[in-house]
Amino acid sequence: MKTILDAIVDNKRKEVEILKKEFGYHHFEKQKHFSRSCISLKQRLTEQEFGVIAEIKRKSPSAGNINTDLNIADQGKLYAESGVAGISCLTDNKYFGGSIEDLSQLREVVNVPILRKEFIIDEIQLFEAKAAGADALLLIAEILTKEEALHLTIMAQSLGLEVIMECHDKKNLGKINDLVDVIGINNRNLHLQKTDIQTSLDLFHFIPADRICISESGIQSYNHIFELQKAGYNGALIGESILKNTSPAEFISSLT
């Protein structure tokens, strides 16, 4: 029986095929942001005591509609002024209500690292990300083979992009290569859409001590941040709890 993650990836393969028919690599190489030097998200995470990567998304399979009227520019400016380590921008449209144009718009108004959060399965998505103004991108171990993950990491870094490699369980940690810039532990089971922050606390012991690590999903309070920092995490990617808060700037401040 197919899960929501299977459905998302199936749809993404169709989208990528259309993208490859419409555009070649040269199209993206001509865009104004393609030659810009990226801002290091990894460095920002190491410079802060605990770095928050604040996310922008309008909806999700687990939460439904979050903020369908979200103003990308205003939200991005608010995040930047709040001192976040970076901004994560969901670019999947069907399931998360985002687009690559959201990322481009964000790039025009902020000077902080932008992470393209997407279901990356093909290298043309890397060129698209760089052309839109991304500084880093997410690779999801669960939807890639170890060989695919390594190839996409090398390709992304050849374009100047940093790579966050995301895992949810111990078996997929084995797909992480030494080139990956940041390791992300996703507290959400992408198949079942269930979230438990204990996932990060349990898996940290299996991550090499010298790696930069962040926790993702389900982080709602300073107590969660305290537990993650005590465990050894360098930061966290936080979306819904910020987006649903009536005073997001104050909430971000309370987390750190």
Side-chain angles (χ1 to χ4, degrees), residues 1-15 52-72 75-76 79 84 86-100 102-103 106 114-121 125 137-144 164-173 182-204 213-225 227-228 233 235-246 248 251-252 255:
M1 182 177 177
K2 284 193 173 184
T3 66
I4 184 63
L5 179 60
D6 297 324
I8 292 172
V9 174
D10 286 347
N11 182 68
K12 194 58 57 180
R13 295 192 190 285
K14 295 175 184 177
E15 290 181 359
V52 170
I53 303 173
E55 190 155 84
I56 288 179
K57 60 183 176 183
R58 295 180 177 85
K59 63 180 183 178
S60 74
S62 60
N65 289 337
I66 299 169
N67 188 344
T68 55
D69 298 322
L70 187 67
N71 184 297
I72 296 296
Q75 194 75 14
Y79 285 167
V84 297
I87 300 174
S88 170
C89 184
L90 253 300
T91 59
D92 175 81
N93 179 260
K94 183 173 182 179
Y95 295 93
F96 292 87
S99 70
I100 195 67
D102 287 344
L103 199 155
L106 195 59
I114 299 176
L115 169 72
R116 182 185 188 185
K117 196 174 182 189
E118 178 59 272
F119 298 84
I120 302 288
I121 55 173
Q125 293 168 285
L137 52 83
L138 185 79
L139 295 181
I140 303 173
E142 200 156 355
I143 66 174
L144 300 169
I164 294 181
M165 187 80 172
E166 173 188 290
C167 299
H168 172 71
D169 52 36
K170 186 179 175 182
K171 68 177 182 179
N172 280 306
L173 284 174
V182 177
I183 295 173
I185 300 300
N186 193 352
N187 300 310
R188 179 171 291 120
N189 182 315
L190 294 175
H191 289 288
L192 302 177
Q193 294 296 306
K194 293 182 179 179
T195 306
D196 187 351
I197 197 172
Q198 188 64 37
T199 302
S200 284
L201 302 178
D202 291 342
L203 289 184
F204 188 81
C213 304
I214 63 169
S215 177
E216 309 170 24
S217 304
I219 299 146
Q220 301 175 351
S221 67
Y222 174 76
N223 287 338
H224 285 162
I225 297 290
E227 288 298 317
L228 291 168
Y233 281 89
L237 192 155
I238 308 174
E240 291 171 22
S241 58
I242 296 176
L243 289 163
K244 290 180 177 180
N245 197 284
T246 54
F251 180 65
I252 292 171
L255 292 176

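What you are looking at is a predicted structure, and each value in this text was computed from that prediction instead of being measured.
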### Message
Distance check, rounded to the nearest 0.5 Å: C89 atom SG versus I53 atom CD1?
### Response
13.0 Å
### Query
Under the side-chain contact (heavy atoms from CB on, under 4.5 Å) criterion, do Q125 and L137 qualify, and how do the steps go?
CA-CA 10 Å; Q125 293 168 285; L137 52 83; over 6 Å; no
#### Entry: Note, L5 side chain near I140 side chain (heavy atom, < 4.5 Å)
no
### Check: N65 and R58 side chains under 4.5 Å, non-hydrogen atoms
no
### Summary
Nearest heavy-atom approach of I225 to I219 is CD1-CG2, 3.8 Å
### Task
Side-chain contact test, heavy atoms from C-beta onward, threshold under 4.5 Å: evaluate it for L144 versus I120 and give yes or no.
no
### Query
Just by modelled atom types, is the I4 backbone N or O under 3.5 Å from a matching donor or acceptor in the Y95 side chain?
no
### Query
Do you know which two heavy atoms are closest between K244 and A63, and how far apart they sit?
NZ-CB, 4.2 Å
### Message
For a side-chain contact (heavy atoms from CB on, under 4.5 Å) check, start with the C-alpha distance between L228 and I197, then their side-chain angles and the critical distance, and finish with the verdict.
### Response
CA-CA 9 Å; L228 291 168; I197 197 172; 4.0 Å; yes
## Note on the structure
Heavy-atom nearest pair, E166 first then L138, reads OE1-CD2, 3.4 Å
### Query
Measuring from K94:NZ to E15:CD, what's the distance to the nearest 0.5 Å?
8.5 Å
### Message
Within the structure provided, determine whether M165 and I183 are in side-chain contact (heavy-atom separation under 4.5 Å).
### Response
no
### Task
Would you check if K117 and L237 make a side-chain contact, meaning some heavy-atom pair closer than 4.5 Å?
yes
### E216 vs I164, side-chain contact (heavy atoms from CB on, under 4.5 Å): CA-CA, chis, key distance, verdict
CA-CA 11 Å; E216 309 170 24; I164 294 181; 4.1 Å; yes
#### Entry: Side-chain donor or acceptor of D6 paired with backbone N/O of T3 under 3.5 Å
yes
### Query
Is it true that a side-chain atom of R188 and a backbone atom of S62 form a donor plus acceptor pair closer than 3.5 Å?
no
### Message
Working to the nearest 0.5 angstrom, can you tell me the gap between S200 OG and E227 CD?
### Response
11.5 Å
### Query
Between CG of L243 and CD1 of I238, what distance do you get to the nearest 0.5 Å?
11.0 Å
### Query
What are the two closest non-hydrogen atoms of I185 and Y233, and how far apart are they?
CG1-OH, 3.4 Å
### Query
With a 4.5 Å limit on heavy-atom distance, are the side chains of L90 and E55 in contact?
yes
#### Entry: Single hit among N172, L203, L139 for side chain to side chain contact (heavy atoms under 4.5 Å, CB included) with C167
N172
### Query
Which heavy atom in F251 sits nearest to a heavy atom in Q220, and how many Å separate them?
CZ-O, 3.4 Å
#### Entry: side-chain contact (heavy atoms from CB on, under 4.5 Å) between I100 and R116, intermediate numbers included
CA-CA 9 Å; I100 195 67; R116 182 185 188 185; 3.7 Å; yes
### Message
Using the rule side-chain hydrogen bond (donor to acceptor under 3.5 Å, both in side chains), only one of T195, N187, N186 pairs with S217; which is it?
### Response
N186
### Min side-chain heavy-atom separation Y79-I252 under 4.5 Å
yes
### Task
Working to the nearest 0.5 Å, report the span between NZ of K59 and CG of N93.
7.0 Å
### Query
Does any N or O in the side chain of N245 come within less than 3.5 Å of the main-chain N or O of I242, such that one atom is a donor and the other an acceptor?
no
### Query
Between R13 and I121, is any pair of side-chain heavy atoms under 4.5 Å apart?
yes
### Task
Please report the shortest heavy-atom distance between L103 and I114, naming the atom on each side.
CG-CG2, 3.9 Å
